[in-house]
Amino acid sequence: MIAINITRTGLTVDGHAGCAKIGNDIICAAVSALTQGLVHSLKALTDDEISYHIADGHIDIEYKDLSEKGCLLVDSFFIAVSDIQQSYGTEYVQATVADGR
């Protein structure tokens, strides 16, 4: 299962969906593409300072005081991964937002 946790200071994406064999899992591919797209969009479209670490089955993005554009990008990411969660089920993807976000 992929666990996505969004807070005021960053987000983490951990795990694998386990829907299909590695390399054929469309859920993992979709979440990975959205997350990497978020990193690139935050860097290219905002002046927000972020740091990130990407490893197999894990992405960690840290930020502080996101701009309005940065918040919009993170909100858009959450909507997209929530749509994946609704389409495929919480046994594959669980997206949560911490209080205060």
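If you read the sequence from its start, that first residue is 1, and numbering goes on from there.
Between Val93 and Ile4 there is a side-chain heavy-atom pair separated by less than 4.5 Å. Between Lys64 and Glu49 the shortest side-chain heavy-atom distance does not fall below 4.5 Å. Within the 4.5 Å cutoff, the side chain of Cys28 has heavy atoms near those of the Ile2 side chain. Inter-residue side-chain proximity for Tyr63 and Val74 is flagged as met; some heavy-atom pair is nearer than 4.5 Å. Contact check for Ile84 versus Ile27: side-chain heavy atoms found under the 4.5 Å cut-off. Under the 4.5 Å side-chain criterion, counting only non-hydrogen atoms from C-beta, Lys43 is in contact with Ile50. Side chains of Ile59 and Thr12 form no contact here, defined as non-hydrogen atoms less than 4.5 Å apart. At a threshold of 4.5 Å between non-hydrogen side-chain atoms, the residues Ile6 and Thr96 do not count as touching.
Identified under the side chain to side chain donor-acceptor pair (under 3.5 Å) test for residues 22-41, with sequence neighbours left out: Ser32-Gln36. Sorted by first and then second residue, the side chain to side chain donor-acceptor pair (under 3.5 Å) pairs involving residues 81-93 (not counting sequence neighbours) form an empty list.
In this structure, CZ on Arg8 lies 10.5 Å from SG on Cys71, to the nearest 0.5 angstrom. The CD atom of Gln94 sits 11.0 Å away from the CG atom of Asn5 when rounded to the nearest 0.5 Å. From Glu62, atom CD reaches atom OG1 of Thr7 across 9.0 Å, with rounding to the nearest 0.5 Å.
When every heavy atom of Gly70 is checked against every heavy atom of Leu42, the shortest pair comes out as CA-CD2, 3.7 Å. The two residues Leu38 and Phe77 come nearest to each other via the heavy atoms CD2-CG, 3.9 Å.
Using a distance-only test at 3.5 Å, with no hydrogens or angles considered, no donor-acceptor pair links the side chain of Asp60 to the main chain of Tyr52.
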